[in-house]
Amino acid sequence: IAPGECAKIMTGAMVPDGADCVIMIEATESLNTSQIRFTGEQTAPNICYRGEDIRKGDIVIRKGERILPQHIAALATVGCVMPLVVSRPRIAIMATGSEIVEPAEKPGEGQIRNTNSPQLCAQATMLGITPTYLGIAADTSESISITLKQACLHHNVILISGGVSAGDFDLVPGIMRENGFEILFQKVAVKPGMPIVFGIRDDIYCFGLPGNPVSTFVVFEILVKPFLFKLMGHDLQPPVSRMTLAQPVVRKKADRDSWIPVRHADMESVEPIDYHGSAHLTALTEACGLICMPRGVMELKKGITVNVRQI
């Protein structure tokens with residue numbers, strides 16, 4: 001194209017040699033078959049230059065990055081169709097408790113439906129991991145040990161809910177040891193979720209999670225989820241919103257970090273949910289996130305800014 005000339009192209013087409021500007025058709029008027037008039041006052045060049053998106057030597061995606069849809073597009077644009085990735089963990093999920101029945105069953109006297117396993121399966125699935133559910137083991141050493149052995153055959157992460165506290169039927173820690181697991185810790189200073197066991201055997205990792213459903217949910221979010229991502233080479237930075245606390249939070253003991261479910265009070269603030277303890281699982285259905293009340297702190301005052309960990 002020579003000075004004073006133009007050529008018609010479609011959006012995204014290669015710019016003809018000699019052209020230094022692209023004007024939108026909405027800012028033109030056709031005078032005849034060979035002439036147009038520019039009807040706007042000014043225009044941007046509307047040209048994407050080579051190297052504008054990414055240049056030779058630039059990093060497209062960093063090692064350890066969690067691959068999201070936008071990363072897929074970035075890989076596609078540079079023709080990287082077989083990137084080197086880390087395998088997903090192979091997770092087995094099991095529950096313990098002779099009083100536990102599956103959700104489709106009607107509980108009899110002294111029985112309760114299994115809520116932990118569906119919850120844990122859903123939490124794992126949201127990470128892009130397909131878990132294996134191994135059912136409910138009765139409160140006997142034999143039943144728990146058989147299911148644990150089955151889990152060890154084809155999985156490298158095992159999540160067991162229940163049976164980890166200090167009762168007569170809390171058999172999981174001992175059975176883990178009997179099956180060759182080295183217990184690295186037993187109990188953590190968090191609320192809810194203090195009774196948690198973690199052990200390793202070769203390249204198999206086993207979490208013994210609390211039986212109460214809110215405890216199980218919280219422990220998965222703050223401990224298990226970052227661990228699973230770390231196995232995949234990714235350092236999880238959970239999404240956090242800075243919000244104003246609309247109501248104060250007061251507690252009687254401050255010996256542990258407390259994770260408190262909150263909901264939106266308005267667009268800029270959150271308030272604690274009416275929460276009756278670690279068995280109150282329906283409280284989580286209203287929650288937009290969790291806030292942490294650090295160990296040693298007795299009160300979070302109304303109006304302070306808090307970090308809301310999204311769930």
Side-chain angles (χ1 to χ4, degrees), residues 61-75 82-95 103 114-135 147-148 150-162 164 184-185 188 190 192-193 196-201 203-241 257 259 261-262 278 281 283-292 307-311:
I61 298 178
R62 297 186 182 278
K63 180 180 178 180
E65 189 73 59
R66 183 184 181 190
I67 298 179
L68 299 173
Q70 58 267 35
H71 301 111
I72 296 292
L75 291 170
M82 295 291 287
L84 183 64
V85 296
V86 179
S87 298
R88 296 182 179 95
R90 302 181 304 280
I91 297 181
I93 293 173
M94 58 181 280
N114 179 14
T115 58
N116 285 344
S117 296
Q119 176 177 277
L120 289 169
C121 286
Q123 285 176 290
T125 300
M126 288 187 69
L127 308 185
I129 299 168
T130 303
T132 301
Y133 174 52
L134 298 180
T147 310
L148 180 57
Q150 180 185 356
C152 291
L153 291 176
H154 304 292
H155 306 90
N156 61 343
V157 178
I158 303 165
L159 306 182
I160 306 173
S161 64
V164 296
L184 298 189
F185 61 81
V188 290
V190 299
I196 173 175
V197 182
F198 178 70
I200 60 172
R201 191 187 84 184
D203 60 348
I204 303 175
Y205 308 92
C206 185
F207 286 90
L209 306 177
N212 280 327
V214 178
S215 299
T216 304
F217 182 91
V218 169
V219 167
F220 185 96
E221 289 296 314
I222 66 173
L223 290 179
V224 179
K225 182 190 286 187
F227 176 81
L228 294 174
F229 275 119
K230 193 66 177 179
L231 282 184
M232 295 184 283
H234 176 66
D235 289 317
L236 177 65
Q237 300 296 324
V240 172
S241 300
D257 289 351
W259 289 89
V262 294
S278 57
L281 65 92
L284 290 174
T285 62
E286 300 181 41
C288 66
L290 303 168
I291 62 173
C292 182
N307 292 325
V308 181
R309 182 175 177 139
Q310 298 174 25
I311 57 175

What is the minimum heavy-atom distance between C152 and R201, and which atoms define it?
-> CB-NH2, 3.6 Å

Could you grab the distance from atom CZ of F217 to atom CG of L120, nearest 0.5 Å is fine?
-> 10.0 Å

Over all atoms of both residues, closest heavy-atom pair of C206 and L148 | SG-CD1, 4.3 Å

Are P103 and P118 side-chain neighbours, meaning at least one heavy-atom pair lies under 4.5 Å?
-> yes

Any donor-acceptor pair under 3.5 Å from S161 side chain to L209 backbone | no

Evaluate the side-chain proximity of Y133 to N114: yes if any heavy-atom separation is below 4.5 Å, no if none is.
-> yes

Specify the closest pair of heavy atoms between P210 and N116, including all atoms of both residues, with the distance to one decimal.
-> O-ND2, 3.8 Å

Within the side chain of H234, is there an N or O that forms a donor-acceptor pair under 3.5 Å with the backbone of G64?
-> yes

Scanning both residues in full, the closest heavy-atom pair of V219 with P192 reads CG2-O, 4.4 Å

Report yes if some heavy atom in the side chain of V224 is under 4.5 Å from a heavy atom in the side chain of Q123; otherwise report no.
-> no

Mind checking the CZ-CG spacing from R88 to L127? Nearest 0.5 Å is all I need.
-> 10.5 Å

Euclidean distance, I91 CD1 relative to I129 CD1, rounded to 0.5 Å = 4.0 Å

Determine, stepwise, if the pair I196 / V164 fulfils side chain to side chain contact (heavy atoms under 4.5 Å, CB included).
-> CA-CA 7 Å; I196 173 175; V164 296; over 6 Å; no

Inspect the surroundings of CZ in R309 and state if more than 12 heavy atoms from other residues, nucleotides or ligands are less than 6.0 Å away.
-> yes

Checking K63, R62, K230, R66 against D235 for salt bridge (charged side-chain N to carboxylate O under 4.0 Å, His left out), the one that qualifies is K230

Considering only heavy atoms from C-beta outward, does the side chain of T125 approach that of P131 to under 4.5 Å?
-> yes

Point-to-point distance, once rounded to the nearest 0.5 Å, from CD1 of I204 to NE2 of H154 | 11.0 Å

Gap separating the OG1 atom of T115 from the CG atom of N212, nearest 0.5 angstrom = 9.0 Å

Pairing residues for L153 by the side-chain contact (heavy atoms from CB on, under 4.5 Å) criterion, not counting sequence neighbours = none

Can you sort out the partners of R90 under side-chain contact (heavy atoms from CB on, under 4.5 Å), two or more places apart, ordered by chain and number?
-> H155, N156

Just do the side chain to side chain contact (heavy atoms under 4.5 Å, CB included) check on I222 and V190 with the steps written out, would you?
-> CA-CA 10 Å; I222 66 173; V190 299; 4.1 Å; yes

Spell out, as yes or no, whether a donor-acceptor pair under 3.5 Å connects the side chain of Q150 to the backbone of L134.
-> no

Audit row: L231, Y205, side chain to side chain contact (heavy atoms under 4.5 Å, CB included) steps and yes/no = CA-CA 10 Å; L231 282 184; Y205 308 92; 3.8 Å; yes

Interatomic spacing from OG in S241 to CG in N307 - rounded to 0.5 Å | 9.0 Å

Side chain proximity check, F220 to L228, heavy atoms < 4.5 angstrom | yes

Classify the angle between the aromatic ring planes of F185 and F198 as parallel (below 30°), tilted (30 to 60°) or perpendicular (above 60°).
-> parallel

